[in-house]
2 protein chains.
Amino acid sequence: MAQSDTVTRILDTAEVLFAERGFAETSLRNITSKARVNLAAVNYHFGSKKALIQAVFSRYLDPFTQRFHTALDTLEGRYEGQVIPLEELLETMATTVLAVPAERNSLKVFMRLLGLAYSQAQGHLRRFIQDEYGDVFTRFTELVRQATPDIPDAERFWRLHFMLGTVIFTLSGLDALRDIAEKDYQEQVSVRDLVRRLRPVVVAAMNAPLPANVDEEKYANA
Amino acid sequence: MAQSDTVTRILDTAEVLFAERGFAETSLRNITSKARVNLAAVNYHFGSKKALIQAVFSRYLDPFTQRFHTALDTLEGRYEGQVIPLEELLETMATTVLAVPAERNSLKVFMRLLGLAYSQAQGHLRRFIQDEYGDVFTRFTELVRQATPDIPDAERFWRLHFMLGTVIFTLSGLDALRDIAEKDYQEQVSVRDLVRRLRPVVVAAMNAPLPANVDEEKYANA
DNA sequence: GAATGTTTAAAACACTCGTTTTTTAGGAGC
DNA sequence: GCTCCTAAAAAACGAGTGTTTTAAACATTC
């Protein structure tokens, strides 16, 4: 054993604690003691706490983006030049997201980390994610653009982020919401259930009529 | 002067710093030094940092919920017993949200604080908000229920939270998104603009077709 | 098998944190 | 005058933080 299963133990423990309590609220001593690892090991293996945080993200995002790229590859191959329908694109994204637990532990942790990364005020994490993994998102939005030619660019930009907010907010705050929902509706909700519920909502939101009273020239050169 | 404009200065400074960097990342020394106030003043006037955080929220939420309640009063009065259409309800909520800057400084700060309250893992804030201000939200959802009788209860619950996620995520992360949007689309976006864009999206999302492959009995007793 | 490089362990460092205590100031009431 | 109470200021406290340093153990290679 040994080798560097210390690194793995640190990452495994850190991602759970980060997801539960946030980055600032999780100390290195929390992590190392729970992982039964020496305190200095974090700085030895990762260099700093900030680097550890990024490593946690990389371990999720590296396989995710890779998988997403290949999924888009096969999708493009299937439609060979033709425009890919919006539903297909969303479906592919959903499938890729749901496939995360196959590689890493928990989809819940993944979504919670994403939510933290966006809400965390300090830009370092968002910048890191944008720089390292922005490509696949750019590729995806371009395909969405082709699938929805009637939506002005700015409007599509905002709607995509509306939907990003819906998904991240819901799935990252899932535990709290699940408690309320199960209390009121005696219903077990899994992430798969939520994704199934999200599908028609996202499609309808993207296809919603354009807002009224739009200043025309704003879209003239878009 | 004097009196207790110290309290106001602390609150004014704290809400901005909290909104910018989060609660854990903002120290009392940050606040008191920027507010040109003695460090001990926070504990003297508020008792603790946690109490200060709640005071910041109360200063926003007290007038907001009050305003929202009276807005719903007049709306119910106008429809005297009849069912209020969903669009009217959403419109009222949007108007009330947009009216926040009349009482307090910044709508941006308000939304950012709300976003933090939800993403912040520690439950004390969410519990505080739920306990103190849950009534008006319950009232609102009940009106939405009457306006959308065809949506199963559980489904409506989730869709409302989907939309909550959309609004909070977008408006609380507005600065970052605005940067990207303006760079790509040379377009100035105000909060009013965003609310205008959000309107049709939220309506379409609420009215989206029900998800397919639903286990029927889940809705049988809802 | 001694030497080398890598990983772990323990301790210390230099701060920062929220909170508390002590001290000083400023009016109000009589 | 003096006290009483509230507010502000200064200083100190104790705990907790990320990081660094120093020592020991381990594994590998020649």
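Just the heavy atoms: all of them, side chains too, but no hydrogens, waters or symmetry mates, feed the values below. Residue numbering restarts at 1 for every chain, and letters A, B, ... go by the order of the sequence lines.
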(message) Strictly below 4.0 Å: does B:Thr6 bring a side-chain N or O up to OP1 or OP2 of D:dA8?
(response) yes

(request) For B:Arg156, check side-chain hydrogen bond (donor to acceptor under 3.5 Å, both in side chains) against everything at least two apart and list the hits. (result) B:Thr148, B:Asp153

(request) Using atom CG of A:Asn38 as one end and atom P of C:dA9 as the other, report the distance to the nearest whole Å. (result) 6 Å

(request) Starting at atom CZ of B:Arg36, determine the distance to atom C1' of D:dA10, rounded to an integer number of angstrom. (result) 18 Å

(request) Apply salt bridge (charged side-chain N to carboxylate O under 4.0 Å, His left out) to B:Asp73 and list each qualifying residue two or more places apart in sequence or on a separate chain. (result) B:Arg139

(message) Rounded at 0.5 Å granularity, tell me how far CG in B:Leu116 sits from CE in B:Met111.
(response) 11.5 Å

(message) At under 4.0 Å between heavy atoms, how does the protein contact nucleotides 13-25 of chain C? Give one character per nucleotide, 5' to 3', with B, S or -.
(response) ----BBBB-----

(message) One thing to verify: whether A:Asp193 and A:Arg196 come together as a salt bridge, which I'm taking to mean a side-chain N less than 4.0 angstrom from a carboxylate O.
(response) yes

(request) Answer yes if the ring centres of B:Phe169 and A:Tyr118 are under 6.0 angstrom apart, and no otherwise. (result) yes

(message) For the backbone of B:Val201 and the side chain of A:Arg159, can you confirm whether one donor and one acceptor N or O come within less than 3.5 Å of each other?
(response) no

(request) Report yes if a side-chain nitrogen or oxygen of B:His45 is closer than 4.0 Å to either non-bridging phosphate oxygen (OP1 or OP2) of D:dT6; otherwise report no. (result) no

